[in-house]
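Just below is one structure, and these are the notes that go with it.
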Amino acid sequence: MTNEPDDITLVQGCLGGDEHAFEVLVLRYQGPIYNAVLRMVRDRDEASDLTQNAFLKAYQQLSRFDPQYKFFSWIYRIAVNESLNYVKRRNRQEPLEGDHASDDRSPENLLVGSEVSRHVQDALMRISADYRVVVVLRHFHDCSYEDMATILGVPEKTIKSRLFSARRQLRELLEAKGLLP
Amino acid sequence: MTQLSDLHALIQADIDGVATTRERAKLRELLANDAEARAEHQRLSELRAFLGTIPPEQPPARLVAQVMRRIRTEPAAALEGGFLRRIFGSWPGGRVALPYAYAAVAGAAVGILGYHLVVVGASFGLDAVERDAAATIGSAPSGIETGRLELTAGTFKGSATLRQLDDTLAIDLDLPAQGMLDVSLAYDPAAVKIIGISNKTDGDNRIAMADGIVRWSQDGPQKLTVFLASRTPAGSRIEVRFAGQGVVGGEGSLELPGRH
């Protein structure tokens, strides 16, 4: 057993005026949300800003949260929408091939980590944002098809189809980089 | 959207560990007679295993504190807004152009008011401005003091003083913070126009403006003057909120006179 309050209890506490309850939710989800956003946009500064925006929007719209859904699906949905909107804005302003147009950003701000991680991120940025998001949610966050459908607001069959196509494309890109046989 | 074939749906369900016993048996049967399908299954299994080796990144150490400070200082209606850094940062060459944009905005303001101001960027066709540097400022014109707000929270004691200049208003903020302090000003953009901000303190701050809100964060004592003008004859109000390291959040408001 754990003494940690569940998400719904914390949401209720927050709606009742307990600001600390929301801080616990931020602590609980900052890692996965930041990582999901980072995988979508690659730039660390932007990922931090977008993650903050997502939590802020969640806080400001908390009264609209329907407790019959999972809180994590709801906050992921907000964060994913923030990321996708950012990617769309950037692509409108940088009509270059794919999302890897951001390669000219300062290297220290880009997701680097290990060499392998950097190559994986390069490959992710070369597939469309719609494909990238399902790979990120499935492989880096272990979301179920149902959760992904809720987060992205599309039917499960669409999720499965996108995921299969995304995996094929990603696999080819990683093979080309020599990371997979 | 292309429909997934039954075979591919089975392969994917197996890879993701959601295939039923019956589906797994059917897949085994199909794979036994189809070399291409076996290769596909193998490739996707390898991809899944490979991606599972990529470790997550640690979020920034101050992320939670930054979120909570923004929650305390930003009113809901004013969250949206494109900031200059975003606009220039995502525009090709924008990272290079951004300092020049700041310099141009500040330079134009020097010519107008004799201050290093950040001016809401009509000349750029933008509705919002952000900057990342503190400016060195001379003394502000005196004007007539028409209002004062004590900004206190625990042992923290700051102030906001409203002055009427000729056609404009000035709010002098004196915030003797010991650490990082986030401040926001919220106003009705239909009633009030922000003309610019002068920062009289050195320090690494970042000022962001959007319709209805100005916000910034700075480490250490802050002395800033916000210049604004009323758009309508009716009076309005500007709300000041602050929170930071060692400072419990506080807020207050100043009544602004209407346009003459």
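Since we're looking at a predicted model, the values are computed, not measured.
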Closer than 3.5 angstrom, by distance alone: can the side chain of B:D182 be matched with the main-chain N or O of B:G244 as a donor-acceptor pair? no
In terms of heavy-atom pairs under 4.5 Å with chain B, which of A:V135, A:L180, A:L179 leads? A:L180
Any donor-acceptor pair under 3.5 Å from A:R138 side chain to B:D16 backbone: yes
Heavy-atom side-chain contact between A:R44 and A:Y34 under 4.5 Å: yes
Go through the atoms of A:I33 and report whether side chain, backbone, both or neither lie under 4.5 Å from a heavy atom of chain B. neither
For A:L27, which atoms come within 4.5 Å of any heavy atom of chain B: side chain, backbone, both, or neither? both
Residue part contacting chain A, namely of B:Q58, when any heavy atom lies under 4.5 Å: backbone
Heavy-atom contact with chain B under 4.5 Å, split by part of A:E175: side chain
Heavy-atom pairs under 4.5 Å with chain B - which of A:F140, A:F22, A:Y59 has more of them than the others? A:Y59
Closest non-hydrogen contact found for A:I151 with A:R77 is O-CG, 3.0 Å
Ion pair present between B:R43 and B:E46, side-chain N to carboxylate O less than 4.0 angstrom? no
Using a 4.5 Å heavy-atom cutoff, which residues in residues 143-150 of chain A come close to chain B? A:Y145
Flag the pair B:R72 and B:E251 as a salt bridge only when some basic side-chain nitrogen lies within less than 4.0 angstrom of an acidic carboxylate oxygen. no
Parallel, tilted or perpendicular: ring planes of A:F71 versus A:Y29, cut at 30 and 60 degrees: tilted
Please flag which part of A:F164 lies under 4.5 Å from any non-hydrogen atom of chain B: side chain, backbone, both or neither. both
Run through A:Y76, A:Y69, A:W74 and flag the one making a ring-ring contact (aromatic ring centres under 6.0 Å, His included) with A:F72. A:Y76
Between B:R241 (side chain) and B:S184 (backbone), is there a donor-acceptor pair under 3.5 Å? no
